[in-house]
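See below for the structure under consideration.
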Amino acid sequence: MSLIFEHFNHWVVVILMMIGLYIVITANNLVKKVVGLNIFQSAVFLMYITMGKVVGGTAPILAEGVTQYSNPLPHVLILTAIVVGVATTAVGLSLVLRIKSAYGTIEENEFQNKEDVI
Amino acid sequence: MDSVLAASGLGILIVMAIALARAMVAPTVYDRILGVNMFGTKTVLFIATIGFIMGRPDFLDIAIVYALINFIGMVAVLRFFEYTSESN
Amino acid sequence: MTVLIDLILLAMLVITAFRIIYIKDLFSVVMLFGIYSFLCAALFVTLDAVDVAFTEASVGAGISTVLMLSTIAITGRKEKLSLHSHTFATLIVLLTGGALIYGTFDMPLFGLADNPVHEHVAPRYIETSPTEIGLPNMVTSVLASYRGFDTFGETVVVFAAAIGVFSLLGVRGKPTELLAQEQGLTQHKVLRVVAKISIPLIILFALYVQFHGDFGPGGGFQAGVIAAAAFILYALTFSLRKAVGVVSPRFVKYLAPVGVLLYASVGLVSMLNGANFLDYNVLAADPVDGQHYGIIIIELGVGITVFSVMLGIFYAFAGQVEKANVQ
Amino acid sequence: MFEQHLAVLPVLLPLIAAPLVVLINKPRAAWLLSTLFVGACVYISFGLVSATMDGGALRYALGGWEPPWGIEMRVDSANAFVLLTVSVIATLVLLFAKESIASEVAHKQLPLFYSAYLLCLAGLSGILITGDAFNLFVFLEISSLATYTLVSLAADRRCLTAAFRYLVMGTIGATFILIGVGMLYMKTGTLNMLDLAERIQAVESHRTINTGLAFIMVGVSIKLALFPLHMWLPAAYSFAPSAVTAFLAGTATKVAIYVMLRFVFTIFGAGYVFEQMNMEIIVLVLALAGIFQCSFVATTQSNIKTLLAYSSVAQVGYIILGVSLVSLTGLTASLLHIFNHALMKAALFMAVGAVFYRMGSVQIIAFQGLGRRMPWTMSAFTIAGLSIIGVPLTVGFISKWYLVTAALEQGNWLVAFLVLVASLFAVVYIGKVIEAAYFKEPSEDADATKIKEVPVSMLIPMWLLVLANIYFGIDTSLTVSAATAGAEALLNGSSLVGGVQ
Amino acid sequence: MSALDYLSAALLLLGFIFSLSGAIGLFRFPDFFTRIHASSVTDSSGAVCIILGLALQTNFDLVTVKLLFILFFLLLTGPTGSHALAKSARHGGLLTIPECQEKAKDGVS
């Protein structure tokens, strides 16, 4: 029982990553591909944060009478990764808008010739 | 006292789950927006309770940000929803 | 007890992600994605990652959802069914998932204090950073000083996103270009009054978050996003034309480079004082004061960059919505 | 003051120039400023190569915190050599871009183009020099975001779908690298590359480290377009503006190959990656498959830029082939081919860009009869084409020579034979273009008045590259010594993991 | 457990009951407008009870001020959001049950 219980966070990270990747590959609409990409990345953020948590420790902000803190380094890395994820989403969505105005559609099966298919 | 706090945290979590169910299975789009709005306000309360459960009540800034983003999200949904219904 | 709360949150997260796969109405997908971000942020709070929850809530749920909504306003709500079979996709997904599960076997158990992660580098950040840098918030001291170059790289990533969006969508220069006839949520009188009351509060809160980042959760990124969210709220309830009149896109487009250069200038000053790039100890006579000056200025640089970039990106998207709506 | 900061300046200068260019917002001044800053980068990378030639390493602790705690920049002969390649190509493409981009991108967007160009260069040089695994991910994102913007600036609408596909594949690749680095950090507790290499020795047999290696290799393979994961490259290179294609072909995949070398040889150690995980068989097979499949597809293309893009994927296969031979000469051949291929491919894409500048199309029909009308451009194309084939007196021959000797050293006759056979494909697809240019009459609709030589400012960088192609084909002392020093730095970097330089 | 703790426990319980009733109302009520009524009323009242319950836990310092600010903000924006949603639904042409029945009668006759 302890194996499942201890690793529950890791199972959820794996499932979310698989869902995110599945959406990115099978989504027919480009906006949904971007949503899938975000879900895929958020799974990685969850992996880093569960890595840094110490059971019985509180948040890494100094408070009197507290000795055990969680590890601040994964939090710093994930702060960077979240902003990188939003930056990629913004550029991806503006590309989707330009594709809509250039092709008139953002559905993958409606692109005519093969080389346009995403 | 902390067992009462934990119980109320769990209670709010259950209400959040019901609101989430409403947001997922919704006859009309307005019901979905309603579910999301209720989910948002309940999360604000949940974060406040979690702050107290974990003994670090000075984290209420996050609850404030939640309330903010929930309101702005609500306005954005209403605003762009009128556009999408016109555009197709 | 908190473990039970963790489990329920994780379960809700997975259910929402599953539901997103099968929904075809994009409007609902974006709404569920908003809930997904909120759940992620709530989970981060229970896992003691307070700054990350702050950022995920404000950036993930705030900006991403608004951008996706404005994209859907132009590209339509219904997703067409894709014809080709999904066996190839499921194959790849199962392969990656299998590799990941194989990787979790030797992973250190969750939450143990003697995991390798907490042993080598982390103790210095926890014990000596309050004395060496003098900030109670260890995340801000690691973010701004120990790994300050990472944050500089991150500010440049935000700037690169702004360059990308401006070159793709083009920010409208003069306010007059925007069509005058378009009105905000005109008939929602109550909403406009409440927005008028809450916008100053939001901006005040953004400034609090900006300068409170050393002591509690908060910092440059979160403050920049919340300030941008205040102006986005103004643009949504009152018309975009009014919002552009308040903060013009040209000003926003030139403010982003200024923020990045402000950050870089702190590094250059420490270089001119003979230390390495971004070494704040030389900024003042006493090293700890130098750290304080350095961190406050770079947080300001980050705040300015993120505010101008997020607002500029919103203007670019809202401009497209106006253009598409007029045709 | 200048020598102390030598290691961080190649990253810092473009990073500071990018916002300045947006502030100036005038195309001429923007071009001038960028050329000034990139020229300074070339000068600095020359200084770095000479400083690290003797096998030493320059270390620069950022923020004043010593390495495992703070982020450090570490320049040894391997990344100094690749940095030199990237800076030289960036400067020459910038000279070429002055005229070529003005005709392809809207006037108002030129400052944004130069800013994205500088950000891409800053990201690439940041990836090369950084000594911190997570910092490498941040710079990877900077260069990727800038590349998506650059690709999407072209007039042709297909560049948008190409940029979107590149964005999706690139982000998945970067996230795979993030997962891999996360797994390594989980087991070792540190992010500094040398510290990581040292602490991985203890936990090497654990399954998490194996999975971390697998994820990093897959993520990097997407970025360097190794055979099965290369689908994004042909569309991105053929529909991007011609100056952008010349820049990306010369640098982007090369830097990703450097990242693979750094992870395989310095962090994991060649012993672990190749003996225990016998990765070299997989990489060898993929490289050979890539060489043959892409060379064959290249021969069937009518769009010359797509033809050269497939040829790029094949040449990347050659470089990875050198790496999979796991010997000093093999690694030297790879580093050598990184430099040589950058010279060849940048010259070829510049020539095609010049034809596009005059003819407005890159189809093979537009090339007909250009031998007489655009003599300088087409002769540059021919010489660079011969260099791709591997004709003696050109750099291509040197790379193939070292590759074949490395294969023969290990008695691997089959690989040596396959490398030579693949050159036949190169003869076919280069010959196709040369035959159209010199032995065919121009098609009627091309009005003769418009076709004349491109302005000199575009010819100078092209011919500088072609002359370099020939010079380094004859006097190989400079390039081979630098490549060997780099190979030694990587190889004994992995065996000498204990002693932190 | 001092008297204050009992009071705050009672308030928390009351808040939970309000929220739960709102959530159940979300599913049980027939049409949209009754559902929105259920959810918005219980949102505000639940929030008031729970936040006051929490405020009793603190010994009146910065945390209490933050809690009261959250309460003020929730009371300001919650009802407005629901009002705007109902107005937009009305504007979007959603009919209440009596109106549907009339339309059904007109349609049939």
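Small disclaimer: the values here were computed from a predicted structure and weren't measured. The sequence lines fix the lettering, A, B, ..., with proteins before strands; numbering per chain opens at 1.
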Examine whether an atom of D/L119 lies under 4.5 Å from a heavy atom of chain C, and if so say whether it belongs to the side chain, the backbone or both; otherwise answer neither. side chain
Please assess D/H5 against C/N276 for the test side-chain hydrogen bond (donor to acceptor under 3.5 Å, both in side chains), listing each intermediate value before the final yes or no. CA-CA 7 Å; D/H5 302 296; C/N276 285 350; 4.6 Å; no
What is the distance from atom CG of C/D150 to atom CG of D/N135, rounded to the nearest 0.5 Å? 4.5 Å
Side-chain heavy-atom pair C/L168, D/L160 within 4.5 angstrom cut-off: yes
To the closest 0.5 Å, what do you measure between CG (C/L278) and CD1 (D/I71)? 9.0 Å
How many angstroms lie between atom CD of C/E119 and atom OG1 of D/T188, to the nearest 0.5 angstrom? 11.0 Å
Region of D/L12 in contact with chain C, defined by heavy-atom distances below 4.5 Å: side chain
Pair count under 4.5 Å, heavy atoms only, with chain C: among D/G63, D/P68, D/S144, D/A122, highest is D/G63
Rounding to 0.5 Å, atoms OG1 (C/T96) and CZ (D/F215) come to a distance of 6.5 Å
Give me the atom names and distance for the closest heavy-atom approach of D/L145 to C/A160. CB-CB, 4.2 Å
Looking only at non-hydrogen atoms, find the nearest pair between C/I163 and D/S115 and report the distance. CD1-OG, 3.4 Å
Would you say C/M271 and D/V8 make side-chain contact, with heavy atoms under 4.5 Å? yes
Exam field: side chain C/Y102 to backbone D/N210, donor-acceptor pair closer than 3.5 Å: no
Quick check on C/A275 against chain D: is it the side chain, the backbone, both or neither that has a heavy atom closer than 4.5 Å? backbone
Drop me the distance from C/S167's OG to D/L110's CG, to the nearest 0.5 angstrom. 11.5 Å
Under 4.5 Å heavy-atom distance to chain C, tell me which part of D/W65 shows up: side chain, backbone, both or neither. side chain
Region of D/A106 that comes under 4.5 Å of a non-hydrogen atom in chain C: neither
So which atom in C/P257 and which in D/V22 form the shortest heavy-atom distance, rounded to 0.1 Å? CG-CG1, 3.7 Å
Side chain, backbone, both or neither: which part of D/F139 has a heavy atom under 4.5 Å from chain C? side chain
Taking side chain as everything from C-beta outward and backbone as N, CA, C, O, which of these in D/L153 sits under 4.5 Å from a heavy atom of chain C? Side chain, backbone, both or neither. side chain
Looking at chain C, which one of D/C120, D/A18, D/S152, D/G189 has the largest number of heavy-atom pairs inside 4.5 Å, strictly under? D/G189
Need one label for D/L191: side chain, backbone, both or neither, based on atoms under 4.5 Å from any heavy atom in chain C. side chain
Mind ranking C/P116, C/G148, C/S265 by heavy-atom pairs under 4.5 Å with chain D and telling me who comes out on top? C/P116
Against chain D, label C/V121 side chain, backbone, both or neither, depending on which of its atoms sit under 4.5 Å from a heavy atom there. both
What pair of heavy atoms forms the shortest contact from D/P19 to C/L261, and how long is it? CB-CG, 3.8 Å
With only heavy atoms counted, which part of D/V11 is less than 4.5 Å from chain C, the side chain, the backbone, both or neither? side chain
Can a donor-acceptor pair be found, under 3.5 Å and without considering hydrogens, that links the side chain of D/Y60 to the backbone of C/F277? yes
When the 4.5 angstrom heavy-atom criterion is applied to D/M183 and chain C, the contacting part is side chain
Of all of C/L268, C/L100, C/N281, which one pairs up most often with chain D through heavy atoms under 4.5 Å apart? C/L100
Under 4.5 Å to a heavy atom of chain C? For D/T190 that would be both
Heavy-atom proximity to chain D below 4.5 Å, by part of C/S145: both
Region of D/V138 in contact with chain C, defined by heavy-atom distances below 4.5 Å: both
Heaviest contributor of heavy-atom pairs below 4.5 Å to chain C, chosen from D/L150, D/L15, D/L62, is D/L62
Check whether D/N192 gets within reach of chain C through its side chain, its backbone, both or neither, counting any heavy atom under 4.5 Å. neither
Can a donor-acceptor pair be found, under 3.5 Å and without considering hydrogens, that links the side chain of D/T208 to the backbone of C/G103? yes
NE2 of C/H120 to CH2 of D/W69: how many Å apart, nearest 0.5 Å? 6.0 Å
Against chain C, label D/F113 side chain, backbone, both or neither, depending on which of its atoms sit under 4.5 Å from a heavy atom there. neither
Can you say whether D/L9 sits under 4.5 Å from chain C via the side chain, the backbone, both, or neither, judging by heavy atoms? side chain
Ion pair present between D/E66 and C/R124, side-chain N to carboxylate O less than 4.0 angstrom? yes
Flag side-chain contact, heavy atom, 4.5 Å: D/D132 against C/F149: no
